[in-house]
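Shown below is the structure under consideration.
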Amino acid sequence: MSEIVIDIVESSVQHLAIIMDGNGRWAKQRDLPRLAGHQQGVEAVKRIVDECVQRKIRYLSLFAFSSENWGRPQAEVDALMSLLLQFLASQQQKMVAEGIKLHVIGDLSRLSISVRDALADVEQKTSLGENMTLILALSYGGRDEIVRAAKQAAKQVLVGEIEIDQFDDSSLTACLDTAGLPDPDLLIRTSGEVRVSNFLLWQTAYAEMYFTDVLWPDFGSEELDKALNEYSRRKRRFGLTDDQIDS
Ligand code: IPE
Ligand code: IPE
Ligand code: MG
């Protein structure tokens, strides 16, 4: 009986988005270099990908590197990029085998050619994956994404592909990096910070927010269940009244 209930509760999140924060503090608490925190952060990513596949969550968006993170010390940026390359190399076979499709969002033009090539390669190899889409936000900023989308939309108007009066919410949505993907149902942020730090600004308009003090390297299946259970107790109204939702 309880297993059935858990299945219903958990499958109700179709798209989970996570701001994976707190790697540096995890390392600092242990007198380790920040890199050690990022390494453990990658282990947490592998764990959570598995947990989400098991729970039949169809879309998992992970904030891995923000447009603002480019301002970090070059050595840290370089270390994060090598961790990304290692992650891709070590996970691609498993992703293909498990039907996990990679989709990268963000301003990829700022990434090195080797990183871009590796991402494109894994995206291509995993493109037939049907169990879960893993959306990796890299060099990503919500405002930057909206600006790029607005430019693309303006071009469509200029060449007469779309009438300005017909331009609406869905026209802009179609120009975002996340075009074709459903909006996140639940946004989790770890590490105790209560802000969205420029992540999926447009797409999380009606996402449920869940903040936990747990640092990302310590985030695991129990923490995920807590968040999913909390989500199942929330009532999403989308601007309507309780009565409207209940009927
Ligand atoms: C999140 O951990 C990982 C990235 C932003 C790349 P942080 O590196 O921000 O860790 P804290 O916030 O300093 O603890
Ligand atoms: C947000 O974390 C970005 C990622 C998790 C990749 P940050 O650590 O960069 O956010 P702030 O600076 O605390 O807002
Ligand atoms: Mg941080």
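In listed order, ligands and their atoms are each counted from 1. Remember, it's a predicted structure, so these values are computed and weren't measured experimentally.
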Original post:
Parallel, tilted or perpendicular: which fits the ring planes of F238 and Y206, with parallel below 30° and perpendicular above 60°?
Top reply: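 The arrangement is tilted - the two ring planes meet at 30° to 60°.
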**OP:** Indicate yes or no: does K235 engage D246 in a salt bridge with an N to O separation below 4.0 Å.
**Re:**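 Yes, this pair counts.
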Original post:
Heavy-atom contacts under 4.0 Å between M20 and ligand 1: side chain, backbone, both, or neither?
Top reply: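 For M20, the contact with ligand 1 is made by the backbone alone.
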Original post:
Any heavy atom of R34 sitting closer than 4.0 Å to ligand 1?
Top reply: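 Judged by the 4.0 Å heavy-atom criterion, R34 does count as contacting ligand 1.
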**OP:** Write out the residue and atom name of the closest protein heavy atom to atom 7 (P) of ligand 1, then the distance separating them to 0.1 Å.
**Re:**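 Of the protein heavy atoms, D21 OD1, 3.6 Å lies nearest.
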**OP:** Find out whether V115 and L85 are in side-chain contact, i.e. whether some heavy atom of one side chain is under 4.5 Å from a heavy atom of the other.
**Re:**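 Yes - at least one pair of side-chain heavy atoms lies under 4.5 Å apart.
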Subject >> Contact bool for atom 12 (O) of ligand 2 (protein heavy atom, d < 4.0 Å) >> reply: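 When distances to the protein are checked, atom 12 (O) of ligand 2 has no heavy atom within 4.0 Å.
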Original post:
Does the side chain of Y231 come within less than 4.5 Å of L16's, by heavy atoms?
Top reply: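 They are not in contact (no side-chain heavy atoms under 4.5 Å apart), so the answer is no.
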Original post:
Do the rings of Y59 and H15 sit parallel, tilted or perpendicular, given the 30° and 60° boundaries?
Top reply: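 Tilted: the ring planes of Y59 and H15 meet at 30° to 60°.
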Subject >> ligand 2 atoms in contact with R195 (distance to a heavy atom under 4.0 Å) >> reply: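 Counting from 1, the qualifying ligand atoms are 11 (P), 13 (O), 14 (O).
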Original post:
Nearest protein heavy atom to atom 14 (O) of ligand 2, by residue and atom, and its distance?
Top reply: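 Scanning the protein heavy atoms, the shortest distance from atom 14 (O) of ligand 2 goes to S197 OG, 2.6 Å.
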Subject >> Backbone or side-chain N/O/S of D21 under 2.8 Å of the Mg ion (ligand 3) >> reply: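 Within the cut-off used here (under 2.8 Å), D21 does place an N, O or S atom near the Mg ion (ligand 3).
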Original post:
For ligand 1, is any non-hydrogen atom under 4.0 Å from R72's backbone (N, CA, C, O), its side chain (CB onward), both, or neither?
Top reply: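 The answer is the side chain.
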Subject >> Identity and separation of the nearest protein heavy atom to atom 6 (C) of ligand 1 >> reply: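 For atom 6 (C) of ligand 1, the nearest protein heavy atom is A64 O, 3.4 Å.
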Original post:
Are the side chains of I18 and Y210 in touch, meaning some heavy atoms are under 4.5 Å apart?
Top reply: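 Result no, sub-4.5 Å side-chain heavy-atom pair not found.
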**OP:** Indicate, as side chain, backbone, both or neither, the part of L215 found under 4.0 angstrom from ligand 1 when only non-hydrogen atoms are considered.
**Re:**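 For L215, there is no contact with ligand 1 at all, from either part.
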Original post:
Ion pair present between R47 and E223, side-chain N to carboxylate O less than 4.0 angstrom?
Top reply: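 The answer is no: the pair does not qualify as a salt bridge.
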Original post:
Identify the closest protein heavy atom to atom 10 (O) of ligand 1: which residue and atom is it, and at what distance?
Top reply: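 Heavy-atom neighbour on the protein nearest atom 10 (O) of ligand 1: G24 N, 2.9 Å.
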Subject >> Region of F199 engaging ligand 2 - heavy atom pairs below 4.0 Å >> reply: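 Neither part.
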Original post:
What atoms of ligand 2 come closer than 4.0 angstrom to any heavy atom of R189?
Top reply: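 Numbered from 1, ligand 2 contributes 2 (O), 10 (O), 11 (P), 13 (O), 14 (O).
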Subject >> Any R189 side-chain heavy atom under 4.5 Å of S197 side chain >> reply: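 Result yes, sub-4.5 Å side-chain heavy-atom pair found.
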Original post:
Does some non-hydrogen atom of A27 fall short of 4.0 Å from ligand 1?
Top reply: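 No.
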Original post:
Applying a 4.0 Å heavy-atom criterion (strictly less than), which segment of E193 is in contact with ligand 1: side chain, backbone, both, or neither?
Top reply: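 Contact part for E193 vs ligand 1: neither.
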**OP:** Check whether any N or O atom of N23, backbone or side chain, sits under 3.5 Å from an N or O atom of ligand 1, and answer yes or no.
**Re:**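 Yes.
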Original post:
Between the side chains of S114 and D117, is a donor N or O closer than 3.5 angstrom to an acceptor N or O?
Top reply: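 No.
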Subject >> Region of S191 that comes within reach of ligand 1 [heavy atoms, distance under 4.0 Å] >> reply: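 S191 to ligand 1: no contact under 4.0 Å from either part.
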**OP:** Give a yes-or-no answer on whether the side chains of W70 and S139 include a donor-acceptor pair shorter than 3.5 Å.
**Re:**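 Judged by distance alone, the side chains do pair up.
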Subject >> ligand 1 atoms in contact with R25 (distance to a heavy atom under 4.0 Å) >> reply: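 With R25 as reference, the close atoms of ligand 1 come out as 11 (P), 12 (O), 14 (O).
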Original post:
Got an N/O contact under 3.5 Å between L80 and ligand 1?
Top reply: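 Min N/O separation from ligand 1 is not below 3.5 Å for L80.
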Original post:
Are K94 and D50 within salt-bridge range, i.e. N to O under 4.0 Å?
Top reply: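 D50 and K94: salt-bridged.
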**OP:** Could you list the atoms of ligand 2 found under 4.0 angstrom from a heavy atom of F65?
**Re:**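 Listed by number with element: 6 (C).
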Original post:
For atom NZ of K151, is the number of surrounding heavy atoms from other residues, nucleotides or ligands below 6.0 Å larger than 12?
Top reply: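 For K151, atom NZ is not crowded (no more than 12 foreign heavy atoms under 6.0 Å).
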